[in-house]
Visitor: 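So that we are looking at the same thing, I have put the structure below in structure tokens.
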Amino acid sequence: QVQVVESGGGLVQAGGSLRLSCAASRSLFSIFAMGWYRQAPGKQRELVATMTSGGQTNYADSVKGRFTISRSIGRNTVYLQMDSLKPEDTAVYYCSASWSDLSGPYWGQGTQVTVSS
């Protein structure tokens, strides 16, 4: 079965940076799409950033210019570089991945990001 696991969350001061990682148990050579989502207490899960197999990216307006999604095919890993963090970025961040030959998407357990003012 396919698994994805997030890591890299933690506590950081406003203006700081974090890099989240999402490791997949399946090769990303056949990936269809991947993305990062987040959920704050009392709020719906929302899209943060996505990347298609062709490298096209999409970002939520709230993170444009501050967050960058990328991937390493050789490491079966997708990353989310988060710079200039704000308290409103505080949430549990989830990784998702979809393959063209599998039903999905697959979700990780989430990693907590807390930004202090």
Side-chain angles (χ1 to χ4, degrees):
Q1 60 189 61
V2 177
Q3 297 183 70
V4 294
V5 180
E6 305 97 332
S7 63
L11 175 64
V12 64
Q13 291 184 237
S17 298
L18 285 173
R19 189 186 190 188
L20 306 183
S21 298
C22 175
S25 64
R26 194 176 198 245
S27 173
L28 298 186
F29 279 110
S30 61
I31 196 72
F32 176 71
M34 63 198 76
W36 287 94
Y37 297 76
R38 67 186 182 187
Q39 187 168 23
K43 295 184 178 181
Q44 294 283 94
R45 186 174 298 185
E46 64 177 347
L47 183 149
V48 176
T50 60
M51 176 179 283
T52 67
S53 59
Q56 302 96 316
T57 59
N58 185 51
Y59 297 91
D61 288 341
S62 60
V63 306
K64 286 181 179 178
R66 300 189 297 119
F67 291 10
T68 305
I69 186 171
S70 62
R71 68 183 179 187
S72 173
I73 300 297
R75 296 179 179 179
N76 289 359
T77 301
V78 60
Y79 304 96
L80 184 68
Q81 178 67 43
M82 306 186 295
D83 298 319
S84 302
L85 283 162
K86 304 175 180 179
E88 51 263 44
D89 295 319
T90 296
V92 177
Y93 284 70
Y94 298 90
C95 177
S96 70
S98 300
W99 284 265
S100 60
D101 58 341
L102 295 174
S103 61
Y106 296 87
W107 294 87
Q109 293 297 306
T111 185
Q112 176 71 48
V113 172
T114 303
V115 184
S116 62
S117 59

Visitor: Tell me every residue that passes side-chain contact (heavy atoms from CB on, under 4.5 Å) with Glu46, counting only those two or more places apart in sequence or in another chain.
Guide: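 Per chain and number, Glu46 pairs via side-chain contact (heavy atoms from CB on, under 4.5 Å) with Arg38.
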Visitor: Assigning hydrophobic clusters by single linkage (Ile, Leu, Val, Met, Phe, Trp, Tyr; side-chain heavy-atom cutoff under 4.5 Å), is Leu102 placed with Ile73?
Guide: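 Linked, Leu102 and Ile73 end up in one cluster.
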Visitor: Below 4.5 Å, heavy atoms only, C-beta onward: do Val78 and Cys95 meet side chain to side chain?
Guide: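 Sidechains of Cys95 and Val78: in contact.
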Visitor: Contact between Tyr94 and Val4 at the side-chain level, heavy atoms closer than 4.5 Å - yes or no?
Guide: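 A side-chain contact is absent here, since even the closest heavy-atom pair is not under 4.5 Å.
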Visitor: Side chain to side chain contact (heavy atoms under 4.5 Å, CB included), that's the test. Do Phe67 and Trp36 meet it? Break it down for me.
Guide: CA-CA 11 Å; Phe67 291 10; Trp36 287 94; over 6 Å; no
Visitor: Return the CD to OG1 distance between Gln112 and Thr90, rounded to the nearest 0.5 Å.
Guide: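 That separation rounds to 7.5 Å.
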Visitor: Please report the shortest heavy-atom distance between Pro87 and Ser117, naming the atom on each side.
Guide: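 Closest heavy-atom pair between Pro87 and Ser117: CG-CB, 4.0 Å.
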Visitor: If you round to the nearest 0.5 Å, how far is OG of Ser7 from CZ of Arg19?
Guide: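 The distance works out to 10.5 Å.
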Visitor: With side chain to side chain contact (heavy atoms under 4.5 Å, CB included) as the criterion, how do Asn76 and Ser27 come out once you've worked through the C-alpha distance, each side chain's angles and the decisive distance to 0.1 Å?
Guide: CA-CA 6 Å; Asn76 289 359; Ser27 173; 4.3 Å; yes
Visitor: How many angstroms lie between atom OH of Tyr93 and atom CD of Gln39, to the nearest 0.5 angstrom?
Guide: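 Separation between the atoms: 12.0 Å.
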Visitor: With side chain to side chain contact (heavy atoms under 4.5 Å, CB included) as the test, would you mind laying out the steps for Lys86 and Arg66 before giving the verdict?
Guide: CA-CA 10 Å; Lys86 304 175 180 179; Arg66 300 189 297 119; 3.9 Å; yes
Visitor: Could you report the tightest heavy-atom contact between Ile31 and Ser98, atom names first, then the distance?
Guide: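 Answer, listing the atom of Ile31 first, then Ser98: CD1-O, 3.2 Å.
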Visitor: I want to know whether Trp107 and Tyr37 have ring centres closer than 6.0 Å.
Guide: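 Aromatic pair counts; centres sit under 6.0 Å.
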Visitor: If we only count heavy atoms from C-beta on, is the Leu28 to Trp99 side-chain gap below 4.5 Å?
Guide: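 With C-beta onward as the side chain, the pair touches.
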Visitor: Between atom CD1 of Ile69 and atom CG of Asn58, what is the distance when rounded to the nearest 0.5 Å?
Guide: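 Nearest 0.5 Å value for the CD1-CG distance: 9.5 Å.
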Visitor: What residues form a side-chain hydrogen bond (donor to acceptor under 3.5 Å, both in side chains) with Asp83, not counting sequence neighbours?
Guide: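 If we apply the side-chain hydrogen bond (donor to acceptor under 3.5 Å, both in side chains) test to Asp83, skipping adjacent residues, the hits are Ser17, Gln81.
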Visitor: Grouping I, L, V, M, F, W and Y whenever their side-chain heavy atoms are under 4.5 Å apart, do Met51 and Val2 come out in a common cluster?
Guide: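 Result: yes, single cluster for both.
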Visitor: Would a 4.5 Å heavy-atom cut-off, applied to side chains only, mark Leu80 and Val48 as touching?
Guide: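 In short, these two side chains touch, coming nearer than 4.5 Å.
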Visitor: Taking all non-hydrogen atoms of both residues, which atom of Gln1 and which atom of Ser25 are closest, and how far apart?
Guide: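 Minimum heavy-atom contact is O-OG, 3.8 Å.
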Visitor: Would Arg71 pass as a cation-pi partner of Tyr79, given that its NZ or CZ must be under 6.0 Å from the six-membered ring centre and within 45 degrees of the axis?
Guide: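 Not satisfied by the 6.0 Å and 45° rule.
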Visitor: If you draw a 6.0 Å radius around CZ in Arg45, do more than 12 non-hydrogen atoms from other residues or ligands fall strictly inside?
Guide: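 Yes, CZ of Arg45 has more than 12 neighbouring heavy atoms, counting only those of other groups under 6.0 Å.
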Visitor: Would you call Leu18 and Leu85 a side-chain contact if the rule is heavy atoms closer than 4.5 Å?
Guide: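 They are in contact (side-chain heavy atoms under 4.5 Å apart), so the answer is yes.
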Visitor: I'd like to check the side-chain hydrogen bond (donor to acceptor under 3.5 Å, both in side chains) partners of Lys64; sequence neighbours left out, ordered by chain and number.
Guide: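 Residues passing side-chain hydrogen bond (donor to acceptor under 3.5 Å, both in side chains) with Lys64: Asp61.
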Visitor: Does any part of the side chain of Pro105, heavy atoms only, come nearer than 4.5 Å to the side chain of Phe32, both counted from C-beta?
Guide: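 Not touching, per the 4.5 Å side-chain cut-off.
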Visitor: To the closest 0.5 Å, what do you measure between OG1 (Thr114) and CG (Leu11)?
Guide: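 Separation between the atoms: 6.0 Å.
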Visitor: Hey, does Met82 have a side-chain heavy atom less than 4.5 Å from the side chain of Leu20?
Guide: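 When only atoms from C-beta onward are counted, Met82 and Leu20 do touch, with a gap below 4.5 Å.
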Visitor: Would you say Gln56 has more than 12 foreign heavy atoms packed within less than 6.0 Å of its CD?
Guide: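 Buried by this count: over 12 neighbours within 6.0 Å.
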